[in-house]
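Below is one structure, written out as structure tokens; comments come after it.
Naming: A, B, ... by sequence-line order, numbering from 1 per chain.
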Protein chains: 2
Amino acid sequence: MEKYVKILKENNIKITSPRLVILKYLSENLSHPTADQIYTDLKTNNPSLSKTTVYNSLETLEQHGIIQSITISGSELHYDLNRGMHHHFYCKKCGRIYDIPLSCPNIEKMSNYGHKIEEVHGYIKGICKECLKKGRI
Amino acid sequence: MEKYVKILKENNIKITSPRLVILKYLSENLSHPTADQIYTDLKTNNPSLSKTTVYNSLETLEQHGIIQSITISGSELHYDLNRGMHHHFYCKKCGRIYDIPLSCPNIEKMSNYGHKIEEVHGYIKGICKECLKKGRI
DNA sequence: TGTTAAATTGTAATAAGTACAAATTAGTAA
DNA sequence: TTACTAATTTGTACTTATTACAATTTAACA
Ligand SMILES: [Mn+2]
Ligand SMILES: [Mn+2]
Ligand SMILES: [Zn+2]
Ligand SMILES: [Zn+2]
């Protein structure tokens, strides 16, 4: 837990219990959970946790670049620890989100349009290999 | 309007007035509008148009690959005519979405993970040049 | 240990999108 | 042309992710 305290301190964010458990959760769950999944999972061991707090904490962590929100699904945000550029694959059948460990070779070119770039997301969609295996096409 | 009739016919979609005006609208508005923007703009000249129909028509057009939904904003879908791969820039200040005419050089590599790829989206986020110009940083 | 600004909590509100049933219509066949 | 039918449109009600807000609690600091 000291690890997470340190991260918050480095970012000048107040050390609070919700922030610590959410950060710990995201560090141990790289499956890109939604706010609701995080809330439901943490609620059992943290009965006083409020869903609003989950949303607030996620926003704070994201503003400091500690985590990232993923808009790939179109219906709700998914969250990911911010650890180096990688792409995401979204399965239209089962909804799972897979990491694709590629970085974007285009970033330099992207800077030529006059916009200030803060985030780069590479999203791929289709049917995942698990669903293909099950023949659900 | 014959142009749009042709597109629907080629895709074996019934020719209906809502589908035609929505397709025409998206062809003439490459600003990546939301369903609500499309509905509001078309409603004035098409008073019987229902918002549900806008959603239904957009879904049909997307299923046939004529248009694409863009999940870049995270709060609502934006729509774009499907005309060749390009990336999108989302301004966190003003919400505008800009086209970035780059294709993805990674697509081959992406196929190496066993998933069936159907869509590739490149999203960049930051502050657009218009907002930078206005000094709103 | 006391103070205070910031964070948490619970509830109510918002807004994008979907479900559904009744009315309408496009496409086809007589 | 007309009649038929399945598909589409429409309006309304509903769902669900997210936000607003006010009261309560707490972290940080003096
Ligand atoms: Mn990831
Ligand atoms: Mn575009
Ligand atoms: Zn899958
Ligand atoms: Zn802007």
Quiz item: In Å, rounded to the nearest 0.5 Å, how long is the span from NZ of B:K134 to NZ of B:K129?
Solution: 13.0 Å

Quiz item: Judged by modelled atom types alone, do A:S73 and A:E76 share a side-chain donor-acceptor pair under 3.5 Å?
Solution: yes

Quiz item: Given the side-chain rings of A:H115 and A:Y113, with only the six-membered ring counted for Trp, is the space between their centroids under 6.0 Å?
Solution: no

Practice problem: Taking only heavy atoms on the protein side, list every residue of residues 21-32 of chain B lying under 4.0 Å from any atom of DNA chain C, sorted numerically. | Solution: none

Quiz item: Base, sugar-phosphate, or nothing: which does B:T60 touch, judged by heavy atoms less than 4.0 Å apart?
Solution: nothing

Quiz item: So, B:E2 and B:K6, do they make that salt bridge, N to O below 4.0 Å?
Solution: no

Quiz item: Would A:H32 and A:H88 count as a close aromatic pair, with their ring centres under 6.0 Å?
Solution: yes

Self-check item: Heavy-atom pair with the smallest gap, counting every atom of A:C91 and A:C128
Solution: SG-N, 3.3 Å

Quiz prompt | Donor + acceptor pair across side chains of A:H64, A:E62 (<3.5 Å) | solution = no

Quiz item: When we call it a touch if two heavy atoms are under 4.0 Å apart, what does A:S48 touch: a base, just sugar-phosphate, or nothing?
Solution: sugar-phosphate

Quiz item: Looking at residues 49-57 of chain B, who's got a heavy atom less than 4.0 Å off DNA chain C?
Solution: B:T52, B:Y55

Quiz prompt | Summary of protein contacts for nucleotides 21-30 of chain C, nucleotide by nucleotide, where a base hit scores B, a sugar-phosphate-only hit scores S (4.0 Å, heavy atoms) | solution = -----BS---

